[in-house]
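The structure under discussion appears below in the form of structure tokens.
Computed from a prediction, not measured in an experiment: that's the story for all the values here.
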Amino acid sequence: MYKEYKQLNLSQTGKEILDFWKQKNIFEKSITSRPAGNPYTFYEGPPSANGMPGIHHVMARSIKDIFCRYKTLKGYQVKRKGGWDTHGLPIELAVEKALGITKDDIGKKISVKDYNDACRKEVMRYTDVWNDLTEKMGYWVDLNDPYITYKNEYIESLWWILKQLHNKDLLYKGYTVQPYSPKSGTGLSSHELNQPGTYKMVKDTTITAQFKVKRDGDSEFLFNGIDTEVFILAWTTTPWTLPSNCALAVGEAITYVKISTFNPYTYLPVCVVLAKDLIKKYFKAEGENASFADYKGGDKIIPWKIEAEVKGSQLVGIHYEQLMPYVTNEDLEKNAFRVIPADFVTTEDGTGIVHTASVFGADDFRACKENNVPSVMVKDETGKDVPLVNKQGRFVDEVTDYAGRYVKEEYYTDAERAEEGFKPTDVLISIKLKTENRAFDVKKYEHSYPHSWRSDEPILYYPLDSWFIRTTAVKDKMVELNKTINWKPESTGTGRFGNWLENLVDWNLSRSRYWGTPLPIWREENGTEEICIGSIAELNEEIAKSIKAGFMPEGFKLEDMHRPYVDDVVLVSSTGNKMLREPDLIDVWFDSGAMPYAQWHFPFEGQEEFKNAYPADFIAEGVDQTRGWFFTLHAIAVMLSEASDEVKAINEQVGNKGIAFKNVVSNGLVLDKNGNKMSKRLGNAVDPFETIEKYGADAARWYMISNASPWDNLKFNEEGIDEVRRKFFGTLYNTYSFFTLYANIDKFTYSEAEIEISKRPEIDRWIISLLNTLSKEVDGYYADFEPTKAARAIQEFVDVHFSNWFIRLSRRRFWKSDNTEDKLSAYQTLYTCLIAISKLMSPIAPFFADRLYCDLNAVTGKEEFESVHLAYFPEYDSALVDAELEERMQLAQDVSSLTLSLRKKVNINVRQPLSKILLPILDKSFKLHVEQVKDLILSETNIKDIEYITDTAGFIKKKIKPNFKALGQKVGKDMKVVAEAITNFSQEDIAALETNGNIPVLDGKYEVLATDVEIIAEDVPGWQVANLGKLTVALDVTITNELKQEGISREFINRVQNIRKTKGFEVTDRINVQVSSTPAIREAVENNLSYICAEILADSITFVDNLTGGEPVTIDEQEILIAISKV
RNA sequence: GGAAAUAUAGCUCAAUGGUAAGAGCAGCACCCUUAUACGGUGUCGGUUAAAGGUUCAAGUCCUUUUAUUUCCA
């Protein structure tokens, strides 16, 4: 007996199948049953278990799961090692929140050790929840032996990688300009800067400074027609950066003007350059072209005059005199103090020319680097280059006038600021520039400026030491190899990722934190010697030397590679000096990007595993990982392909040019149903557990996959899941219950010999043909990482073709009580489809598919596998595909549909038989095709016969339409006239074209062939007619007395069947019928008695007057009574 | 500011440059059913985000703009 169910319950099915998988170790078997020599490699991007999983994780993981399951069906061995991302800022923040501390308290209120212990616990906090979701959603990944990024082995692999890079000079120390708090002496992360309240309105002294143009070949044009000095004006809100000025930035497309006027403080005649759009900010309209001769120093109205206009691009390259020449050198004189182009320059405010101090602004730093402008720096006591402002925020001694002064007023204590004569440094600079004829405008200006959330003081943008990976050294290779990676969607690879690679800068690895992978670099204090440690063994060797040198205690052993323990390690240099570890941690993205190597503890262990799983065939994550995981995987793989002999050797063996993954699917976001981001705060986040519990994982997965391509954002709507449940799973479930209903009655166990496909009836061969076409299509879609197309194709097949055509039209074949070959054929065909569907859908809906597969197979034992996930993908057999058959079945569906629409139009319902339909013959093969599906059409539409007519009698009215595609090449620009001529063809013209095969148009300019047009039989005068494309159906609506009686008989059958159903009779129960009837109905029933009895399984129908206890029913507006009883 | 994606019916999505822009869902009306909470037929619903351009022909190609989103700065 096939298992029968009361109703579809996907949630319950999911739970039961999950148990079944666990008990029978199906996941393990899905791997061990495939040959190790045929691997398909998947990398799991590690999630962080310190946050709860959301519905978007179900999305991302469904995609991963689908392709892994698909490849298993295709015979590959797909190992899926799980992983956990355990380091990073979110974990630190969670711990700080939980403990109620801030970063400042680390090392004070709480020891670094306790802090790190707390992180270690925090990071696996929701592991159980994650594991639970993984199981319930049906995501198969090996959680028994996951890689965990905080483990010593994992970190050791990272150190090894870093050492490979260090050996090839791909790891170096430099600096970046970052937000910096002098008070607390630390850099701030962008996260910290994004805290609410960090940006505040402040009033700063601002200076529009005059930079004196050097007169030379480049600048000569500026001196045309004037006899004063020429200055470029640049505005700054941070006057303290002026001694560090090294360039002026202009927008190349911006228009600038040269203006003659007087300096408002020295009253000297000057000529200044600024953006044309900003003239009114600096000059009063009344002063324009006023008399220069009449001007006296101190006049309110200062005369001015535009001398010339120039484009920014003309200014580029002009040299100017250093504004505040405290520090200079040969390099600076030669390469700095010039005008450079920059894309960030606007005419929003200031002068349209930006004062650039490379070490005190991120944009400045970048622009100067791009233009090879050196920075204004001094040497400290160790000979290292340092900026003119020290780490406390004070000017260095070289800036003689302000040596030791804080650059920001807020860094002084309130007492100091209250002292008489106290002036902020910015003000002192202003005064100096005013007297030197170098300030054009000085005023207070209120603007928003970031503050440190710790000390509440304005931050500085300041150059901080950082360790970098020289990714730019392998940029070209990264770009080249990226072109060999298959991106889904393609645009993410060429666009977002490709552009990112084109504009690659060196990877800043440094993070000033506590919980993360420590940088394995020890340095002498003066920086002359450094060592990069690549393994624990190497470290121990170095420690031994250090113990010998007396720097470390006897017997020291590093148990945990994290801080603070690792900071206890002091090494000894070749010259006998102490070497301390560089205090930075490395970017957590390096952790996850190194997982191909570190997950196996390569190269210390797992060489075989690594070799068999490198590179990945397939990875998938959200599109937000493009510059995260996707990039770090790619970057590390490409660098190691250059830097590591071990990796090079393996690349050679496996034929890898240096990539980490071959195929990558980057999925979009999951939004709420209104297209808003899901967030806990807004309360619109969908709980994945609730969803799975309510609808089942299969419905959720199918919905997400079938609804939109993975890379489009998904607007998650619960109603959509319900629709999927009803429409797809509901329909499929019904096809299964239909099968079991009759198969159990007939004891069909597929024990009979297979009926040859060629001997099966038309409809069976048709659905088998479609099924094979479907298998091929779906296979192609999965192989091409197009799960949405696969799901939609399966859905369409199940709903439209399988359920609503094949089964509907085959129903009668199952009722027949005798076990004919036709019936057997119907069973075998239906069964074959169900089994194939279970396999095709199993990657997307793994639970229901397995239930379907197992329930069927439990009776027949036709399949040798205990789970659909151990089976193989349906083989496509081209011999079973018959395109013509598929075509004519389509014809049958279309003719039926048109006939039904005609019935509706004239209000004759389907139970009323009609004598015939009329089909105009379009071409010779048409009639042949229709004849083969005639019976299907007739029974579906309840029509007695089909007649064909040709147009020889001039009976049919035809319509002609130009075929634009065919005509386009022929007539080109004459299309409009030709099309009009064709549309205006008379019936005779059309007839002529049909008989001759061609007809001239436009006085013979063109020959129109039959293939250039579409001819449709539009109308059959006097008949009810309907059209669909080229197809036309005419219906004979005459109802003879005989037809009428047959119609009544059908109504009668319908009423009896309804009564059977309400009375709960089995479909096999035989009955006796008593009727109290009108004469008309009695006559109709008696004339069709044997037919009716056969349909309703009646042994007898007797007519009685005044029947008691019968059911009242209405047929043809006549009331009668019917009583039925079991025999 | 840079890069990318998306924009088609109330909703979710289709539509090799080829001329009536289609499905499903939802709504409405009628019908069918010894598998079906299914289905059928009809109806309602569109300035294909906007504006230019290329072309005999544009939802589709090009340019600009707008909106939403993501990543980077």
Side-chain angles (χ1 to χ4, degrees), chain A residues 7-8 190 343-346 362-363 366 489 491-500 502-503 505 622-628 631 666 668-669 671 673-677 703 706-709 711-715 717 719-720 722-727 730-742 788 792 795-796 799-800 803-805 807-808 811-812 814-815 896-905 907-911 940 942 961-979 1026 1053-1054 1056-1058 1060-1061 1065-1069 1095-1097:
Chain A
Q7 58 175 3
L8 173 68
S190 57
D343 50 17
F344 56 80
V345 179
T346 68
D363 279 338
R366 186 167 51 85
S491 61
T492 301
T494 52
R496 190 183 279 213
F497 196 66
N499 289 331
W500 163 251
E502 293 291 345
N503 299 311
V505 294
V623 69
D624 53 331
Q625 295 291 346
T626 306
R627 281 154 190 193
F631 170 72
S666 71
L669 304 168
L671 308 168
K673 65 177 175 182
N674 299 317
N676 299 314
K677 239 161 83 166
Y703 162 70
S706 67
N707 189 60
S709 282
W711 32 90
D712 290 333
N713 289 347
L714 174 69
K715 288 185 197 167
N717 190 347
E719 286 167 37
D722 201 46
E723 188 183 322
V724 159
R725 186 188 58 74
R726 285 202 329 266
K727 247 187 106 54
T731 304
L732 187 53
Y733 162 79
N734 280 326
T735 62
Y736 171 78
S737 6
F738 175 84
F739 171 78
T740 54
L741 176 62
Y742 291 101
T788 307
R792 287 178 183 175
Q795 208 166 274
E796 166 91 0
D799 187 26
V800 178
S803 172
N804 280 306
W805 194 256
I807 295 185
R808 205 152 59 86
R811 276 178 305 189
R812 291 193 148 259
F814 296 91
W815 306 340
S896 301
S897 165
L898 287 173
T899 307
L900 292 174
S901 85
L902 286 170
R903 278 181 168 278
K904 161 79 186 172
K905 208 151 109 193
N907 249 325
I908 300 175
N909 70 14
V910 184
R911 272 196 290 267
E940 180 66 10
N942 199 15
K961 255 175 75 180
N963 178 345
F964 288 93
K965 198 168 185 176
L967 281 168
Q969 289 159 11
K970 192 190 283 186
V971 308
K973 284 182 195 275
D974 287 331
M975 181 65 96
K976 265 191 188 130
V977 256
V978 172
I1053 291 166
N1054 168 258
V1056 175
Q1057 302 292 25
N1058 288 345
R1060 281 184 68 115
K1061 204 171 184 181
F1065 287 15
E1066 294 296 320
V1067 293
T1068 48
D1069 289 336
E1095 287 294 309
I1096 61 176
L1097 300 183

Short side-chain N/O contact to B:U12 OP1/OP2 from A:Lys715, under 4.0 Å: yes
Quick one: pull up NZ in A:Lys715 and CG in A:Leu669 and give me the separation to the nearest 0.5 Å. 12.5 Å
Distance check needed: B:A5 P versus A:Trp500 CH2, whole Å only. 18 Å
Give a yes/no answer on whether the side chain of A:Thr740 brings an N or O atom under 4.0 Å of OP1 or OP2 in B:A35. no
Of the nucleotides B:G39, B:A35, B:U19, which one has an atom closest to the side chain of A:Met975? B:U19
Regarding A:Arg808, tell me which of base, sugar-phosphate or nothing describes its non-hydrogen contacts under 4.0 Å with the strands shown. base
Verdict with reasoning, A:Thr899 to A:Glu940, per side chain to side chain contact (heavy atoms under 4.5 Å, CB included): CA-CA 10 Å; A:Thr899 307; A:Glu940 180 66 10; over 6 Å; no
Using a 3.5 Å distance criterion without hydrogens, assess whether the side chain of A:Asn734 forms a donor-acceptor pair with backbone atoms of A:Gly730. yes
Between A:Asp363 and A:Arg496, which residue's closest nucleotide on RNA chain B lies nearer the 5′ terminus? A:Arg496
Roughly how far apart, to the nearest Å, are B:A9 and B:A14 at atom C1'? 13 Å
Is the phosphate of B:G39, meaning OP1 or OP2, less than 4.0 Å from a side-chain N or O of A:Arg726? no
Taking the C1' atom in each of B:U36 and B:A49, what is the distance between them to the nearest angstrom? 41 Å
So A:Ser901, base contact, sugar-phosphate only, or nothing? Heavy-atom distance under 4.0 Å. sugar-phosphate
Could you give the distance from CD (A:Gln795) to CG (A:Leu732), rounded to the nearest 0.5 Å? 11.0 Å
Nearest-Å distance once atom C1' is located in both B:A37 and B:A51: 49 Å
Checking contacts here: which listed nucleotide (B:U69, B:A20, B:U6) is nearest the side-chain heavy atoms of A:Asp712? B:U6
Work out how far the P atom of B:G22 is from that of B:G42, and round it to whole angstrom. 14 Å
Hey, does A:Gln7 reach any base, or is it just sugar-phosphate, or nothing, if we go heavy atoms under 4.0 Å? base
Could you tell me how far apart A:Asn707 (CG) and B:C25 (C1') are, to the nearest whole angstrom? 11 Å
Nearest 0.5 Å, what's the OG1-CG distance between A:Thr731 and A:Leu8? 10.0 Å
Taking donor-acceptor contacts at under 3.5 Å, does the side chain of A:Arg811 reach the base of B:U34? no
Would one find a side-chain N or O of A:Asn909 under 4.0 angstrom from OP1 or OP2 of B:C32? yes
Side chain of A:Ser491: nearest nucleotide among B:G18, B:A35, B:A5? B:A5
Between B:U60 and B:U8, how far apart are the C1' atoms? Round to whole Å, please. 12 Å
Rounded to whole Å, how long is the line connecting atom CD of A:Glu723 with atom C1' of B:C13? 11 Å
Dot-bracket summary - RNA chain B, pairs being Watson-Crick or G-U whose distances fall under 3.5 Å, with | when paired to another strand: (((((((..((((....[...)))).(((((.......))))).....(((((..]....)))))))))))).
Between the side chain of A:Arg811 and the main-chain N/O of A:Arg808, is any donor-acceptor distance below 3.5 Å? yes
Check whether any side-chain nitrogen or oxygen of A:Tyr742 sits under 4.0 Å from OP1 or OP2 of B:A35, and answer yes or no. yes
Let me see the working for A:Val800 and A:Trp805 under side chain to side chain contact (heavy atoms under 4.5 Å, CB included), right down to the final yes or no. CA-CA 7 Å; A:Val800 178; A:Trp805 194 256; over 6 Å; no
Within this structure, what is the CG-to-C1' distance between A:Asn499 and B:A3, rounded to whole angstrom? 6 Å
Base, sugar-phosphate, or nothing: which does A:Ile807 touch, judged by heavy atoms less than 4.0 Å apart? base
Say we look at B:U6 and B:A73: how far apart would their P atoms be, to the nearest angstrom? 24 Å
Given the C1' atoms of B:U54 and B:U63, what is the spacing between them in whole Å? 11 Å
Please tell me whether A:Phe814 and A:Phe739 form a close aromatic pair, meaning their ring centres lie under 6.0 Å apart. no
Euclidean distance for P, B:U48 against B:A20 (whole angstrom): 14 Å
salt_bridge(A:Glu1095, A:Arg812) N-O dist < 4.0 Å: yes
To the nearest Å, give me how far apart NZ (A:Lys727) and C1' (B:C38) are. 8 Å
Using whole Å, report how far CZ of A:Arg792 lies from C1' of B:C25. 14 Å
Taking atom types as they are modelled, would you say the side chain of A:Ser803 forms a donor-acceptor pair with the base of B:A35 within the 3.5 Å cutoff? yes
How many whole angstroms separate atom CZ of A:Arg812 from atom P of B:U34? 9 Å
Value rounded to 0.5 Å, distance of CD1 in A:Ile1096 from CG in A:Asp1069: 13.0 Å
What nucleic acid atoms does A:Asn1054 come within less than 4.0 Å of, heavy atoms only: base, sugar-phosphate, or nothing? sugar-phosphate
Can you measure A:Asn713 atom CG to B:U68 atom C1' for me and round it to whole angstrom units? 9 Å
Nearest-nucleotide 5' precedence on RNA chain B, A:Ser706 against A:Gln1057: A:Ser706
